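Following: one structure in structure tokens, then a few remarks.
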Number of protein chains: 2
Amino acid sequence: MNIGDVADMSGLPAKTIRYYEDIGLVEPLRSANGYRSFRQSDVHKLAFLGRARALGFTIEDCRSLLKLYADTDRASAEVKQIAEEHLDRIDRKIAELTEMRATLSHLVDACAGDHRPDCPILADLAMEEDKTRTARAAD
Amino acid sequence: MNIGDVADMSGLPAKTIRYYEDIGLVEPLRSANGYRSFRQSDVHKLAFLGRARALGFTIEDCRSLLKLYADTDRASAEVKQIAEEHLDRIDRKIAELTEMRATLSHLVDACAGDHRPDCPILADLAMEEDKTRTARAAD
DNA sequence: GTTGACCTTCCAGCGAATGGAACCCTTATC
DNA sequence: GATAAGGGTTCCATTCGCTGGAAGGTCAAC
């Protein structure tokens, strides 16, 4: 199979597939004309990568996961550890964003959003000495 | 003030402050010896930037916000629009992460995490035809 | 005069692709 | 046989927001 077909089947852009070959995640064969020639197993691997990336695993995680997948003697504990660490990362990210969201939506609500220049958002960012600072302290 | 003092006061690393000068967010003066010489207003601007970045605003947002802050004829609507767009970005990101989290924690829970090789996490990533796929479909 | 803590510039790298240029291969059509 | 469309190839640059490090200049204290 050529790269275009594989792109269609795996849902990954051809560019990304080439990149994945570059960094050693897949190793397609080559046809006589120099075109990459993908086996069924390559397509399967790429789809695996697509799903792992969609779950937010890093490329290095993906590399480990593929290795574990290939190793039928693996311990599921190893896989689970990678997934749990990733889950932690996600939780930390969500917590961070949720905090941002709270502060920001607070400020947005307080802003009239009209033609006048007075703006609690700017006042907060500038840490001006007014009620906005109190609002921040109250968070 | 030299960059080290400003770093301490603003909470930003010196490297970051130099970078912000590079991209035109601050324009400190220069002393005779070539050292950057920061005014009080520069420090204020940098602290503003630090807070805006902590809320997740992009550098380009920050540039706009600084411009609006400097413009006493601004309409608060302009500030609010930037903040609301950012809030949307945050909401979309949170939604994305929350979905990842749900799927992933599902899989983690289903994985024994012991010495045996059987692993629903890998099975799902590989889209193997078993109960895991059903679990995914049920999400 | 020498140490050590500052400061300077410039270049490279992170993650994970993505865009584009310049060029080759294949197939169909005129 | 020429040509055009639609594949494919490589390589280099760019994104975002810094961060690290090398190589060197400056300054105050001892």
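The structure displayed is predicted, hence computed values, not measured ones. When reading the values below, keep in mind they use all heavy atoms of this one structure, side chains included, and skip hydrogens, waters and symmetry mates. Chain letters run A, B, ... following the sequence lines, proteins first and then strands; every chain starts at 1.
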Within residues 7-20 of chain B, the residues having a heavy atom closer than 4.0 Å to DNA chain D are P13(B), K15(B), T16(B), Y19(B), Y20(B)

When rounded to whole Å, the NE2 to C1' distance for the pair H86(B) and dC16(D) reads 14 Å

L49(A) atom CG is separated from dA17(C) atom P, nearest whole Å, by 9 Å

Q: Pick base, sugar-phosphate or nothing for I3(A), based on heavy-atom distances below 4.0 Å to the nucleic acid.
A: sugar-phosphate

Side chain N2(A), main chain G4(A), donor-acceptor under 3.5 Å = no

Hey, is CD on E27(A) packed in by over 12 heavy atoms from elsewhere, all under 6.0 Å?
-> no

Numerically ordered, the residues 29-43 of chain B set in heavy-atom contact under 4.0 Å with DNA chain D is N33(B), Y35(B)

Check: For V43(A), does its backbone N or O pair with a side-chain atom of R39(A) as donor and acceptor, under 3.5 Å?
Finding: no

Rounded to whole Å, CZ of R89(B) lies from P of dC16(D) at a distance of 12 Å

Problem set entry | Carboxylate-amine/guanidinium proximity below 4.0 Å for R18(B) and E21(B) | no

*Any donor and acceptor pair, going by atom type alone, linking the side chain of R74(A) with main-chain N or O of L68(A) inside 3.5 Å?*
yes

In whole angstroms, the gap separating P of dT19(D) from CD1 of I59(B) amounts to 11 Å

R53(B) CZ to dT19(D) C1', in whole Å, measures 14 Å

(message) Keeping R63(B) on the side-chain end and I23(B) on the backbone end, is there a donor-acceptor pair under 3.5 Å?
(response) yes

Rounded to whole Å, CG of D22(A) lies from C1' of dC11(D) at a distance of 10 Å

- Query: Can L49(B) and Y20(B) be said to form a side-chain contact (heavy atoms from CB on, under 4.5 Å), step by step?
  - Reply: CA-CA 9 Å; L49(B) 286 168; Y20(B) 285 174; 3.8 Å; yes

query: So, the side chain of S76(A) versus the backbone of D114(B): is there a donor-acceptor pair under 3.5 Å, distance only?
result: yes

Atom CG of L25(A) and atom P of dA16(C) are separated, to the nearest Å, by 10 Å

Taking dG8(D), dG17(D), dA17(C) as options, the one with an atom nearest any side-chain atom of N2(A) is dG8(D)

| query | Between the side chain of H86(B) and the main-chain N/O of L55(B), is any donor-acceptor distance below 3.5 Å? | reply | yes

When rounded to whole Å, the CD to P distance for the pair E21(B) and dC18(D) reads 15 Å

